[in-house]
Structures are given as C-alpha cells and as structure tokens.
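Structure first, then comments.
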Amino acid sequence: MEMQEANQGSEVSPNQTIYINNLNEKVKLDELKKSLNAVFSQFGKILEVLAFKTLKHKGQAWVVFESAESASTAIAKMNGFPFYDKPMRIQFAKTKSDVVAKADGTFVPREKRKRHEEKGGKKKKEQHHDSTQMGNAMNSAYPGVYGAAPPLSQVPYPGGVKPILPEAPAPPNNILFVQNLPHDTTPMTVQMLFYQYQGFKEVRMVEAKPGIAFVEFADEMQSTVAMQGLQGFKILQNPMLITYAKK
DNA sequence: AGCACA
C-alpha cells in the first residue's frame, strides 16, 4: 500500500483570497487592515481586506486579490514573516469571498444571522467604512488615501508627491529618510520592506508628520544597500523616495 | 486555535 492520503485536511485549492492567522491581536483593527493592505499590495491588486474583532475571529484576516496568482505569490513570499512581532500564518481561504462571487455572478446572499439584534433607535451614520475597500483607493485621485478623495482644490499635489525643497543632500550615513509614503502607512509596513536588509535596526515615524519615515541601519554601507534596493518601491502606487537623513 | 463577508 502506498501513502495515498496526501495532506490530510489541509487540502484547499488555490484561489484569490488568502487567510491569515496568528496575527497580533493587540493591534487595532483599522491599523491592522491598513498594514495588511500596504504590505500585500506589492503582489497585485487587492479587492478587499477583511478582519473582525469578534472572539471567534480575532487574530485573523482575509486579503482578497484580483488574481489567484497574486494570492499564491503572497503566500510563498510572506508565510511565516514576522508581523507585529508574530509570524504570519498564511493559507488560501477555504471559501470564495463575497466580492469575488459578486463579480462572478455566483453570489447568493446568505441568510442573516439573527443572533445580534441591532440597537433600535439610533441609526449611526456610516461615515467610516470599516472594511478597507481597495476600489476606492485605486479610483481615487489621491493614491494611498482611503475613502473619498478630497476635493481637488484641497489637493496640493495630485498623486501625493510632495515637492522636494532644494537643499543640500545629506551625506551618506546610517539613517535613511523615506518620503512619499501613503499617509496612513504604518511603521510595520515600512519595517517589512527594510527588515530583509542586513543591519536593519528600526523604523521611526511621527504621527504628526505623515508620509515620511526614518529607517536606521547599523552602518552606512548597509543603509546604502537598502536604499538602492528599495528606491522607488511602490507602496499602494506611491513610489518611495529614499535619501539619507540629515543628522 | 479560531475560515468571513457590520
């Protein structure tokens, strides 16, 4: 008799959605989704990122890609990668995501679970959607910013690229200055990109100054290698601009 | 550990 029971149980066919668990449950949902979105968008267009705070679904998330190829690349590249101090565990999702089914035409609305009765009376305005819909960002005139685009009159530099003030560039050193990040980029996202380079020490960001980050390396040789490797790398369509930090 | 679609 041969060994014919292949992988017991863990048989899930490749599809557009990845299921991630072992996520750090202390991270706020909103930040988590933004980080996931930014980190995984390098593998292809993302249709939706879903995560829930209920007990049964804490520490887990679904990232729906436009293509199954993106999903498998994401698994190959990111499974086990440290994310908020815990290695992500990534698989294909077991069932088709609603966004996908809707695009398919195969979507059948499931019956509403009557478990949670809504609080009557107060209808709160759904001003902020909880689920990160990438369609919005992609169609936005303001890449990298979720939700509705601000009126054009308020957008000083469509495309999000800030002008670089003409000043003497800082001489090479061990700290990098990263600009043109989408405004809601999290330190974790930046860390994930620089982590792979030898000598990486830390990322520093200031909430009051969105769009920039400082990335410290042990020495200037190492920061230079990272700079060359990641110069222009796109996070949500924004190419990173990396220079040496002024000290 | 836990596979949903606020």
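Below, chain A is the first sequence line, B the second, and so on; all start at residue 1.
- Looking at A:Lys34, A:Lys33, A:Lys28 one by one, the single match for side chain to side chain donor-acceptor pair (under 3.5 Å) with A:Asp30 turns out to be A:Lys34.
- We find that CG of A:Asp98 is positioned 8 Å from P of B:dC5, with the value rounded to whole Å.
- Ranking B:dC5, B:dA1, B:dA6 by closeness to the A:Glu25 side chain, first place goes to B:dA1.
- Ranked by how close their nearest DNA chain B nucleotide is to the 5' end, A:Lys86 and A:Phe52 are led by A:Lys86.
- Among all heavy-atom pairs drawn from A:Lys96 and A:Thr106, the shortest one is NZ-OG1, 3.4 Å.
- Using a 4.5 Å cut-off between side-chain heavy atoms of Ile, Leu, Val, Met, Phe, Trp and Tyr, with links allowed through other members, A:Phe81 and A:Leu32 fall into the same hydrophobic cluster.
- Nucleotide B:dC5 holds its P atom 13 Å from the NZ atom of A:Lys53, rounded to whole Å.
- Taking atom CZ of residue A:Arg110 and atom C1' of nucleotide B:dA4, one finds them 7 Å apart after rounding to whole Å.
- Atom CD1 in A:Ile46 sits roughly 20 Å away from atom P in B:dC5 (whole-Å rounding).
- The environment of A:Gln198 atom CD is sparse: at most 12 non-hydrogen atoms of other residues, nucleotides or ligands sit within 6.0 angstrom.
- At the phosphate of B:dA4, OP1 or OP2 sits under 4.0 Å from a side-chain N or O atom of A:Lys56.
- In terms of position on DNA chain B, the residue among A:Thr54 and A:Ala93 whose nearest nucleotide sits closer to the 5' end is A:Ala93.
- Taking 3.5 Å as the limit, the base of B:dA4 and the side chain of A:Ser97 contain a donor-acceptor pair of atoms between them.
- If you check every strand for non-hydrogen atoms under 4.0 Å, A:Phe107 touches nothing.
- The side-chain hydrogen bond (donor to acceptor under 3.5 Å, both in side chains) search around A:Asp98 returns A:Arg110, not counting sequence neighbours.
- We find that NZ of A:Lys33 is positioned 11 Å from C1' of B:dA4, with the value rounded to whole Å.
- Atom-to-atom, CG of A:Asp104 to P of B:dC5 comes out at 19 Å; the value is rounded to the nearest Å.
- For A:Phe92, there are no ring-ring contact (aromatic ring centres under 6.0 Å, His included) partners two or more places apart in sequence or in a different chain.
- Contact record, A:His57 with A:Trp62: ND1-CH2, 4.2 Å, taken as the closest heavy-atom pair.
- A:Lys102 comes within 4.0 angstrom of no nucleic acid atom, judged by non-hydrogen atoms across all strands.
- Taking atom CG on A:Asn22 and atom C1' on B:dC3, their separation rounds to 15 Å, with Å as the unit.
- Residue A:Leu50 contributes atom CG, which lies 16 Å from atom C1' of B:dG2 at whole-angstrom precision.
- Contacts between residues 60-68 of chain A and DNA chain B, defined by a heavy-atom separation below 4.0 Å, involve A:Gln60, A:Trp62, listed by number.
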